[in-house]
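Written below as structure tokens is the structure these notes are about.
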Amino acid sequence: MQSRKTFLQNMGLLGAGLALAPINNLFGHSVNKPWFSISLAQWSLHRTLFKGDLKNIDFPAFAAKEFDIHAVEYVSRFFKDEVRNATYLKDLNARAADHDVKNVLIMVDGEGELGNADVSKRKTAVENHYQWIDAAQQLGCHAIRVNAAGKGTPEEVAKRVVESLRTLAVYGKDAGISVVVENHGGISSDGAWLSNVLKNVGHKYCGSLPDFGNFYEYDRYQGVTDLMPFAKGVSAKSNVFDAQGNEANIDYARMMKIVRDAGYTGYVGIEYEGDKHSEMEGIKLTKKLLQRFQMA
């Protein structure tokens, strides 16, 4: 049988310095590589963090060492007191870099309703989010996740939320940080409502973070389909797994096809939220499940 070296010599490629190139690249075929990247949402470890067994500052190293995951998504409540502390943020950034971890986004909660009927409270809520955009910029993230909440009719809340999101998107643009909205309960878990809100915002720096769960009465597959045109991130929710390693309540094959068909190639964040498995095991199971689809 002709050796690889002889084959390359015969083709005149050895002297051209191409002998080290993978042979399947020589004919225009690219080496298979993942079409999306896996990140770890900090909420997957919320019990561990609340107990004090893990500190926010150590989260990037923990993700890298324990799960071989090199992209992380923070939750604001775990370092709320440090959001304006430049020294802390610099240290957190350095620790992530030391472990080759990319800071992806910050999930922001508890800063007020962006759809509040009270103009003053709504303005305060918007301004409360500015500090998180600033922190995201310092950490090298690409986005913050916000919530679309408020009281009133769907139309009334939508109008207020659109106004708030536009204001945040303008602020985010200057920092290079996108503002993304998750289906996160209440009216925001209606995929049609939220997609219409984002359409009306119509800003490059405002998008969605579709979560595979959190749709409740709304069909989850339709919801993800509704939100994917605006997606700047994807949250792979998981709760319980069967003996074959499938999420028992979510058809991941169907979900990941929706994500891929939308042309998405960014981060898909593991967000294990169940109690049937330990947090450590739930994260590992979710990662293993997602990896089935990375090369598909």
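Residue numbers start at 1 and run along the sequence shown.
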(message) Can a donor-acceptor pair be found, under 3.5 Å and without considering hydrogens, that links the side chain of Glu247 to the backbone of Asn249?
(response) yes
(message) If hydrophobic clusters are built from ILVMFWY residues whose side chains come within less than 4.5 Å, do Leu285 and Val240 share one?
(response) no
(request) Taking all heavy atoms of Gly213 and all of Lys237, pick out the closest pair and write down the distance. (result) N-CB, 3.6 Å
(message) Taking the side chain as everything from C-beta on, heavy atoms only, tell me whether Tyr205 gets closer than 4.5 Å to Val180.
(response) no
(message) For Leu198 versus Ser208, what's the shortest heavy-atom pair and its separation?
(response) CD1-CB, 3.6 Å
(request) Please check if the side chain of Glu279 supplies one atom and the backbone of Arg47 the other of a donor-acceptor pair under 3.5 Å. (result) yes
(message) Taking ring pair (Phe, Tyr, Trp, His ring centres under 6.0 Å) as the cut-off, I'd like each qualifying pair that reaches into residues 61-84, sequence neighbours left out, listed once.
(response) Phe50-Phe78, Phe59-Tyr74, Phe62-Phe67, Tyr74-Phe79, Phe79-Trp132
(request) Would you mind reporting whether Phe293 and Val268 have side-chain heavy atoms less than 4.5 Å apart? (result) no
(request) Under the side-chain contact (heavy atoms from CB on, under 4.5 Å) rule, what do His203 and Val170 come out as? Steps first, then yes or no, please. (result) CA-CA 8 Å; His203 198 287; Val170 170; 4.1 Å; yes
(message) On the six-membered ring of Tyr221, is Arg254 placed so that its NZ or CZ lies under 6.0 angstrom from the centre and within 45° of the ring axis?
(response) yes
(message) If only side-chain N and O atoms count, and only distance matters, is there a donor-acceptor pair under 3.5 Å linking Tyr171 with Asp134?
(response) yes
(message) I need the Trp35 CH2 to Thr265 OG1 distance, nearest 0.5 Å.
(response) 9.0 Å
(message) Under a 3.5 Å cutoff, is there a donor and acceptor pairing between the side chains of Asp219 and Gln222?
(response) no
(message) Do Glu182 and Asn147 pair up side chain to side chain, a donor and an acceptor below 3.5 Å, judged on atom types alone?
(response) no
(request) Answer with yes or no whether the side chains of Ser235 and Asp211 bring together a donor and an acceptor at under 3.5 Å. (result) yes
(request) Keeping the roles fixed (side chain from Gln294, backbone from Phe36), state whether a donor-acceptor pair exists under 3.5 Å. (result) yes
(request) Could you walk me through whether Asp109 and Arg145 pass the salt bridge (Lys or Arg N to Asp or Glu O under 4.0 Å) test, one step at a time? (result) CA-CA 8 Å; Asp109 299 303; Arg145 188 274 280 142; 2.9 Å; yes
(request) For Glu82 and Tyr88, work out which heavy atoms get closest and say how close. (result) CB-CD2, 3.4 Å
(message) Could you walk me through whether Leu40 and Ile283 satisfy the side-chain contact (heavy atoms from CB on, under 4.5 Å) test, starting with their C-alpha distance in whole Å, then the side-chain angles of each, then the deciding distance to 0.1 Å, before giving a yes or no?
(response) CA-CA 8 Å; Leu40 177 61; Ile283 291 168; 3.8 Å; yes
(message) For the CD1 atom of Ile270 and the NZ atom of Lys287, what is their distance to the nearest 0.5 Å?
(response) 7.0 Å
(request) Kindly compute the distance separating CG (Leu290) from OG (Ser238), expressed to the nearest 0.5 Å. (result) 8.0 Å
(request) State which residue, out of Lys80, Arg77, Lys121, fulfils the salt bridge (charged side-chain N to carboxylate O under 4.0 Å, His left out) condition with Glu111. (result) Lys80
(request) Check side-chain hydrogen bond (donor to acceptor under 3.5 Å, both in side chains) between Tyr264 and all other residues, then give those that pass, not counting sequence neighbours. (result) none
(request) Say whether, by atom type as modelled, one donor and one acceptor occur between the side chain of Arg122 and the main chain of Asn116 under 3.5 angstrom. (result) yes
(message) Is there a side-chain contact between Glu163 and Val126 in this structure, where contact means two heavy atoms from C-beta onward sitting under 4.5 Å apart?
(response) no
(request) Return yes if some donor-acceptor pair links the side-chain N/O of Trp43 with the main-chain N/O of Glu73 below 3.5 Å, else return no. (result) no
(request) Show the numbers, then the answer: is there a side-chain contact (heavy atoms from CB on, under 4.5 Å) between Glu281 and Phe241? (result) CA-CA 10 Å; Glu281 186 64 18; Phe241 294 83; over 6 Å; no
(message) If we ignore hydrogens and angles and just use 3.5 Å, is the side chain of Ser189 paired with the main-chain N or O of Asn214 as donor and acceptor?
(response) yes
(request) Indicate the atoms forming the closest heavy-atom contact of Ile187 with Ala148, along with that distance. (result) CG2-O, 4.2 Å
(message) Quick one, Lys90 and Arg95 - any side-chain contact, counting heavy atoms below 4.5 Å?
(response) no
(message) Donor-acceptor pair, distance only, cut-off 3.5 Å: does the side chain of Gln42 make one with the backbone of Val75?
(response) yes
(request) Decide side-chain contact (heavy atoms from CB on, under 4.5 Å) for Phe215 and Val224; before the verdict, give the C-alpha distance in whole Å, the side-chain angles of both, and the deciding distance to 0.1 Å. (result) CA-CA 9 Å; Phe215 280 106; Val224 172; 3.8 Å; yes
(message) What I'd like to find out is whether the side chain of Leu168 reaches to under 4.5 Å of the side chain of Cys206, using heavy atoms alone.
(response) no
(message) Test your reading of the model: is there a side-chain donor-acceptor pair from Asn103 to the backbone of Leu92, 3.5 Å cut-off?
(response) no
(request) Drop me the distance from Ile144's CD1 to Ser76's OG, to the nearest 0.5 angstrom. (result) 9.0 Å
(request) Hey, could you give me the NE2/CD1 distance between His129 and Ile177, rounded to the nearest 0.5 Å? (result) 14.0 Å
(request) For Asp242, look at atom CG and say whether over 12 heavy atoms of other residues, nucleotides or ligands are found less than 6.0 Å away. (result) yes
(request) For residues His142 and Val104, determine if any side-chain heavy atom of one lies less than 4.5 Å from a side-chain heavy atom of the other. (result) yes
(request) Return the minimal non-hydrogen interatomic distance between Ala175 and Ile133, and the atom names on each side. (result) CB-CG2, 3.9 Å
(message) Quick test of your reading of the model: are Lys151 and Glu113 salt-bridged, counting only N-O distances below 4.0 Å?
(response) yes
(message) Return the NZ to CD1 distance between Lys55 and Ile57, rounded to the nearest 0.5 Å.
(response) 10.5 Å
(message) For a 4.5 angstrom cut-off between non-hydrogen side-chain atoms, does Val197 reach Leu165?
(response) yes
(message) Less than 4.5 Å apart, side chain to side chain, heavy atoms only: is that true for Arg292 and Met256?
(response) no
(request) Before accepting this row, confirm whether a basic side-chain N of the pair Glu155/Lys159 lies closer than 4.0 Å to the acidic partner's carboxylate O. (result) no
(message) Donor-acceptor pair, distance only, cut-off 3.5 Å: does the side chain of Ser188 make one with the backbone of Asn183?
(response) no
(message) Whether the Asp226 and Tyr218 side chains hold a donor-acceptor pair (N or O, under 3.5 Å, no angle test) is what I'd like checked.
(response) yes
(request) For Ile106 and Cys141, work out which heavy atoms get closest and say how close. (result) CG1-SG, 4.2 Å
(message) Any donor-acceptor pair under 3.5 Å linking the side-chain atoms of Tyr216 with those of Asp190?
(response) no
(message) Under a 3.5 Å distance rule, please check whether Glu156 uses its side chain to pair with a backbone N or O of Thr153 as donor and acceptor.
(response) yes
